[in-house]
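These notes concern the structure reproduced below.
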Amino acid sequence: MGSKRKLFELLALKDKLERNKHFKQAKAITDEIQRNKSLKEKLQEIVKEDKETETSMTALQLKSKKWYNLRIQEQISASENKHLFLEKENFQIQKKIAYKHHKMKNSLEKAAYQKKIEKENSEKKELLSYPSLNKSSEN
């Protein structure tokens with residue numbers, strides 16, 4: 001019977017390790033989301049500053065400005081797409097964390113139940129090992 005309890009404890013430990021691995025992944029994704037958000041804000045700030053400067057320009061300067069503005073808009077769009085992807089990925093990791101936590105909790109509950117059964121069985125064996133007063137008086 002001790003092997004069942006040990007098995008459930010080991011399963012709980014395995015699930016805990018996997019859950020912790022997912023926690024690390026979630027932290028990395030969250031950090032990446034923050035970096036991406038910061039980059040997007042900086043790019044939007046550049047666009048905002050560029051719109052505020054209204055000076056006369058040559059055709060070459062105007063063409064260059066439009067080219068850089070287009071590149072910045074592409075980066076902003078890529079940043080938004082990356083943000084959506086990271087949010088979906090983060091949601092999936094959070095689901096995995098919840099699942100592993102639930103499995104770990106169930107394994108620990110089963111291990112505790114097995115421990116209770118083992119304790120009851122050992123107490124029964126201990127009671128049965130004592131000589132009975134009724135049996136000795138009958139002989």
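Not measured: the values here are computed from a predicted model.
Separating the NZ atom in Lys95 from the CG atom in Asn90 is a distance of 12.5 Å, to the nearest 0.5 Å. Within the model, atoms CG of Leu86 and CZ of Phe91 stand 15.5 Å from one another, a figure rounded to the nearest 0.5 Å. Expressed to the nearest 0.5 Å, how far NZ of Lys100 lies from CG of Asn20 amounts to 12.0 Å. Rounding to the nearest 0.5 angstrom, the gap separating the OH atom in Tyr113 from the NZ atom in Lys4 is 9.5 Å. The CD atom of Glu118 lies 8.0 Å from the OG atom of Ser3; values are rounded to the nearest 0.5 Å. Taking CG from Leu11 and CG from Leu7, the interatomic distance works out to 4.5 Å, rounded to the nearest 0.5 Å.
In this structure, Val47 shares a hydrophobic cluster with Leu39, Leu43, Ile46, Ile72, Ile76, the cluster being traced through Ile, Leu, Val, Met, Phe, Trp and Tyr side chains under 4.5 angstrom apart. Hydrophobic cluster of Leu10: no remaining members, since no ILVMFWY side chain lies below 4.5 Å from it. Under a 4.5 Å side-chain heavy-atom criterion applied to ILVMFWY residues, the cluster that includes Leu108 comprises Met104 as well. Side-chain contacts under 4.5 Å among hydrophobic residues (ILVMFWY), followed directly or transitively, place Leu60 with no other residue at all.
In terms of modelled atom types and a separation under 3.5 Å, the side chain of Gln61 and the main chain of Thr58 share a donor-acceptor contact. Side-chain atoms of Asn36 come within 3.5 Å of backbone atoms of Ser79 as a donor-acceptor pair (strictly under, hydrogens ignored).
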Run the numbers on Glu120 and Lys116 for side chain to side chain contact (heavy atoms under 4.5 Å, CB included), then give the verdict. CA-CA 6 Å; Glu120 289 173 358; Lys116 180 182 171 188; 3.4 Å; yes
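The residue from His101, Lys103, Lys96 that alone fulfils the side-chain contact (heavy atoms from CB on, under 4.5 Å) condition with Tyr99 is Lys103.
Contact check for Asn69 versus Gln73: side-chain heavy atoms found under the 4.5 Å cut-off.
Closest approach of Ile97 and Ala26 over heavy atoms only: CD1-CB, 4.1 Å.
Remark: Lys27 engages Asp31 in a salt bridge (charged side-chain N to carboxylate O under 4.0 Å, His left out) (not counting sequence neighbours).
Between Arg71 and Glu74, at least one side-chain N (NZ, or NE/NH1/NH2) sits under 4.0 Å from a carboxylate O, which counts as a salt bridge. Classification of Glu9 and Arg5 as a salt-bridged pair holds, one side-chain N sitting under 4.0 Å from a carboxylate O.
Side-chain heavy atoms closer than 4.5 Å link hydrophobic residues (I, L, V, M, F, W, Y) into clusters, and following such links, even through other members, never connects Tyr68 to Leu62.
Pairs engaging residues 75-88 under the salt bridge (charged side-chain N to carboxylate O under 4.0 Å, His left out) rule: Glu32-Lys82, Lys40-Glu80 [sequence neighbours left out].
Judged purely by distance below 3.5 Å, without hydrogens or angles, the side chains of Tyr130 and Glu126 pair a donor atom with an acceptor atom.
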